Amino acid sequence: MSKTIEYTEDIVPYSHEALMAKVAAQLTDSRYQHCLRVEQTARKLAAANGVDVELAGIAGLLHDYAKQRDDATFINLIKSRGMAPDLVAYGNGVWHGYVGAELIKDELHIYNEAILNAVRLHTVGAPYMTKLDQIIFMADFIEPARDFPGVDEARKATAESLAAGVRFQIQHTLAYLIQKGAPVYPQTLATYNAWVGGVAPEYAN
């Protein structure tokens, strides 16, 4: 980190340093460094878009908290929390956000619903996404170490507007899943239909 961050809002029961340590303990160093970059990107996007910078930073730091858990942990949570049974079919790409929010509540005792929902949606999106949801969705996609065909276009779109970034990413993601022959989580398709397919609500601008 280039500078020390001091939390000033009563959002989580930890200092920034303590929360970083808890995230680091659950991840490989490379994954943890990614989380730090997403945190910083989220803070910048929040500042540029009139969103609480501290809230965005916390959500960015936490977004992959559960990324490296074993499948059994996620499946047990899906079943024990009464979540949709079809979630079991979609794997870590969906689980680590959507189900991982449960681990954040259980282990970190963080219950801020804005943070939890941004974590839930950071890979699948949703037809309705708050600006914070959009920020974490995009910060994960365009953080400085990302290097894939189209990432510069994604960064330019996000600088134009969060919604433009969301539209770019969901198109890219859907095309990638189809090319791989991978199953598409229904909410990913719903996100595409809302933001790209001509039925985007008025907040997607």
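Keep in mind that this is a model prediction, so the values were computed, not measured.
Legend: residues meeting side-chain hydrogen bond (donor to acceptor under 3.5 Å, both in side chains) with D71, ordered by chain and number and at least two apart, are absent. Checked against side-chain hydrogen bond (donor to acceptor under 3.5 Å, both in side chains), D133 has the following partners two or more places apart in sequence or in another chain: T130. Remark: E6 pairs with no residue by the salt bridge (charged side-chain N to carboxylate O under 4.0 Å, His left out) rule, at least two apart or across chains. In terms of the salt bridge (charged side-chain N to carboxylate O under 4.0 Å, His left out) criterion, K79 has no residue partners (sequence neighbours excluded).
Residues V119 and A59 approach most closely at CG2-O, 4.2 Å, considering heavy atoms. Nearest approach of A46 to A56, heavy atoms of both residues: CB-CB, 3.6 Å. Between I136 and G60, the closest heavy-atom pair is CD1-N, 3.6 Å.
Atoms OG1 and CG, on T188 and N193 in that order, are 11.0 Å from each other to the nearest 0.5 Å. Expressed to the nearest 0.5 Å, how far OH of Y14 lies from OH of Y7 amounts to 11.0 Å. The structure places CG of L77 at 6.5 Å from CG of D106, a figure rounded to the nearest 0.5 Å. To the nearest 0.5 Å, atoms CD1 (I170) and CH2 (W195) are separated by 10.5 Å. Atom CD1 of residue I110 and atom CG of residue L19 lie 5.0 Å apart, to the nearest 0.5 angstrom.
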- Query: Yes or no on salt bridge (charged side-chain N to carboxylate O under 4.0 Å, His left out) for E39 and K44, after CA distance, side-chain angles and deciding distance?
  - Reply: CA-CA 9 Å; E39 175 188 24; K44 290 175 183 176; over 6 Å; no

- Would E54 and H16 satisfy side-chain hydrogen bond (donor to acceptor under 3.5 Å, both in side chains), going step by step from the backbone distance to the final call? CA-CA 10 Å; E54 194 162 299; H16 180 249; over 6 Å; no

- Item | Stepwise salt bridge (charged side-chain N to carboxylate O under 4.0 Å, His left out) test for E107 and R69 | CA-CA 13 Å; E107 298 176 359; R69 305 303 177 91; 2.8 Å; yes

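Side-chain N or O atoms of Q187 include one that pairs as donor or acceptor with a backbone N or O of G125 at under 3.5 Å. When atom types are taken as modelled, the side chain of N117 and the backbone of E113 share no donor-acceptor pair closer than 3.5 angstrom. Checking side-chain atoms of Q134 against main-chain N and O of V166 turns up no donor-acceptor pair under 3.5 Å. Without hydrogens or angle criteria, N49 side chain to V51 main chain gives no donor-acceptor distance under 3.5 Å. Checking side-chain atoms of Y111 against main-chain N and O of V12 turns up no donor-acceptor pair under 3.5 Å.
When only modelled atom types and interatomic distance are considered, Y32 and Q26 share no side-chain donor-acceptor pair under 3.5 Å. A donor-acceptor contact closer than 3.5 angstrom links the side chains of H122 and H96.
Side-chain contact between L121 and T191 is absent, with no heavy atoms from C-beta onward closer than 4.5 Å.
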Could you list the donor-acceptor pairs under 3.5 angstrom formed between side-chain atoms of residues 142-154 and any protein atom two or more places apart in sequence or on another chain?
residue, atom, partner, partner atom, Å
E143, OE1, R37, NE, 2.7
E143, OE1, A145, N, 2.7
E143, OE2, H34, ND1, 2.7
E143, OE2, R37, NE, 3.3
E143, OE2, R37, NH2, 3.3
R146, NE, D140, O, 2.8
R146, NH2, D140, O, 3.0
R146, NH2, D140, OD1, 3.0
D152, OD1, R155, NH1, 3.3

Using a 3.5 Å cut-off and no angle test, enumerate the donor-acceptor pairs between side-chain atoms of residues 86-95 and protein atoms at least two apart in sequence or in another chain.
residue, atom, partner, partner atom, Å
N92, OD1, K67, NZ, 3.4
N92, ND2, K67, O, 2.9
W95, NE1, L87, O, 2.7

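For the pairing with L36, the side-chain contact (heavy atoms from CB on, under 4.5 Å) check across L61, T41, V23 returns one residue only, L61.
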